[in-house]
Amino acid sequence: MNRHRTALSVLLSAGALVAGVLTAATPSIAADAPTSFRPQQTQGFWTAERMRAATPLDVTAVPGAARTAVATSATPTAIAPTAAASAASPTAFPQAGGAWTGGGAVVKTSGRVFFTMGSRTASCSGNSITSANGSTVMTAGHCVKYQGAWHTNWVFVPAYNNGSAPYGQWSATNTFATDQWAASEDMNMDVGLAVVAPLNGQTLSQAVGAQGVLFNGGYNKKMYSFGFPAAAPYDGTKLVYCSGNSGKDFLLTKDHSLGCNMTGGSSGGPWFQDFNEATGLGTQVSVNSFGYTFLPNRMYGPYLGNEAKAAYDKAQTS
């Protein structure tokens, strides 16, 4: 991680931008800011070259002074996965960060997210989740909106492979964030979703499957985290994972915490509990969100509570 970062570092995209180019600031956004957006799309914008060359942003962020209380005693709400998958070879647990070689459903449900952010192109990670519309991707809030602006040219590329899109590019028709992220970019609520248009007559879940989701699932679980980190030592070409026993952030947020050395570009990648290495199926309970500069090799992800469930319900019924 770049040692020039301040307080928190949002793992937004493909790598490290020279320190000082972007200045950290607490966003000033109206409390009634819209929680969804219809991204502008430019046909054929994301060529293989443009995906490989997505601008390496390293955006610093400071949580707003107001903190949203995270309710952890609510009744759990679980959404089962859409489909099973072929068997895969087990891998190591715990794992601080390595290429996923096990195969299974996660290879197809997870992918890279590409978008334009102002005049720059950037990337994150995301995951296909089970939903009423069969077309919903979960990612980080800052992967759909950051510093008061919604991203455009937003696409999801499942099973991304070094510039190729084996299952196509899925363009967002609408992107969503929790109310708290949309209003003040509260790091406790760094959850985003996108609804993508059908492709070749299929919904996203029909084409690649979809993982289950659990809201209000509690803390201190065995976790697996996936993403496409692109800052050194990674290059964005491989699906990478971390695994271990998770904890709870004791500093500035109520996030989950996991030992993990993934870098920029991994933001928005899924965290699973009850993950089955043999099938690549799990229950998503968080997303890669941020890391502290003074606590290296540690990843943090938001708790999916009632606020995230409300955003998910808006997305899956749109």
Side-chain angles (χ1 to χ4, degrees), residues 7-12 24-37 59-74 76-77 79 113 124-127 129 136-151 154 174-195 213-219 223 225 227 246 248-258 266-271 284-292 299-316 318:
L8 296 180
S9 295
V10 175
L11 299 176
L12 177 58
T26 302
S28 176
I29 306 168
D32 59 352
T35 58
S36 66
F37 178 71
V59 183
T60 57
V62 178
R67 285 283 167 269
T68 301
V70 179
T72 59
S73 59
T77 302
I79 294 91
V113 168
C124 277
S125 300
N127 184 56
I129 56 173
T136 301
V137 176
M138 183 173 280
T139 186
H142 66 265
C143 297
V144 296
K145 180 182 184 182
Y146 190 63
Q147 293 184 332
W150 293 88
H151 308 321
W154 202 103
N174 215 342
T175 52
F176 297 80
T178 59
D179 292 350
Q180 296 76 15
W181 182 264
S184 63
E185 298 185 2
D186 181 343
M187 290 301 296
N188 281 300
M189 302 294 166
D190 187 17
V191 180
L193 302 113
V195 175
V213 192
L214 176 65
F215 299 93
N216 294 304
Y219 289 92
M223 294 277 196
S225 167
S246 67
K248 184 178 179 181
D249 184 15
F250 58 88
L251 294 170
L252 297 177
T253 71
K254 302 299 184 182
D255 281 17
H256 299 286
S257 167
L258 181 67
S266 63
S267 273
W271 289 38
Q284 184 164 351
V285 295
S286 189
V287 297
N288 297 322
S289 178
F290 75 92
Y292 293 105
M299 180 79 77
Y300 295 84
Y303 183 87
L304 299 187
N306 294 338
E307 302 85 359
K309 176 63 163 56
Y312 165 78
D313 285 339
K314 289 178 184 177
Q316 73 161 340
S318 70

To the nearest 0.5 Å, atom CH2 of Trp181 lies from atom CG of Asp190 at 4.0 Å
Please walk me through it: do Ser286 and Met223 pass side-chain contact (heavy atoms from CB on, under 4.5 Å)? CA-CA 10 Å; Ser286 189; Met223 294 277 196; 5.7 Å; no
In Å and rounded to the nearest 0.5 Å, what is the CG to CG distance from Asp179 to Asp186? 11.5 Å
Between CD of Glu307 and CE of Met189, what distance do you get to the nearest 0.5 Å? 3.5 Å
Backbone N/O of Ala182 and side chain of Lys145: donor-acceptor pair under 3.5 Å: yes
Closest contact, heavy atoms only, Ser266 versus Asn288: O-ND2, 2.9 Å
Excluding sequence neighbours, so at least two apart, what forms side chain to side chain donor-acceptor pair (under 3.5 Å) with Asn174? none
Identify the heavy atoms of Met138 and Val287 that sit nearest to each other, and give their distance. CG-CG1, 3.9 Å
Do you know which two heavy atoms are closest between Val285 and His256, and how far apart they sit? O-NE2, 4.0 Å
For the pair His151 (side chain) and His142 (backbone), establish whether a donor and an acceptor sit closer than 3.5 Å, ignoring hydrogens and angles. yes
Pair Asn127-Gln284, side chain to side chain donor-acceptor pair (under 3.5 Å): steps then yes or no: CA-CA 9 Å; Asn127 184 56; Gln284 184 164 351; 2.8 Å; yes
Side-chain donor or acceptor of Thr175 paired with backbone N/O of Ala194 under 3.5 Å: no
Run the side-chain contact (heavy atoms from CB on, under 4.5 Å) test on Asp313 and Phe215 for me, step by step, so that the C-alpha distance in whole Å, both residues' side-chain angles and the decisive distance to 0.1 Å come before the verdict. CA-CA 12 Å; Asp313 285 339; Phe215 299 93; over 6 Å; no
My understanding is that only one of Tyr303, Tyr219, Tyr292 makes a side chain to side chain donor-acceptor pair (under 3.5 Å) with Asp249; could you say which? Tyr292
Quick one: side chain to side chain contact (heavy atoms under 4.5 Å, CB included) partners of Ala315, sequence neighbours excluded? Thr136, Phe176, Leu193, Val195
By side chain to side chain contact (heavy atoms under 4.5 Å, CB included), which residues pair with Ser257, not counting sequence neighbours? Arg298, Tyr300
Would you check if Tyr312 and Leu304 make a side-chain contact, meaning some heavy-atom pair closer than 4.5 Å? no
Side-chain contact test, heavy atoms from C-beta onward, threshold under 4.5 Å: evaluate it for Ser289 versus Met187 and give yes or no. yes
Determine the minimum heavy-atom distance between Lys254 and Asn188, stating which atoms define it. N-OD1, 2.7 Å
Can you measure from OG1 (Thr178) to CD (Glu185) and round to the nearest 0.5 angstrom? 10.0 Å
Kindly say whether Ser125 contributes a backbone atom to a donor-acceptor pair with the side chain of Thr139 at under 3.5 angstrom? yes
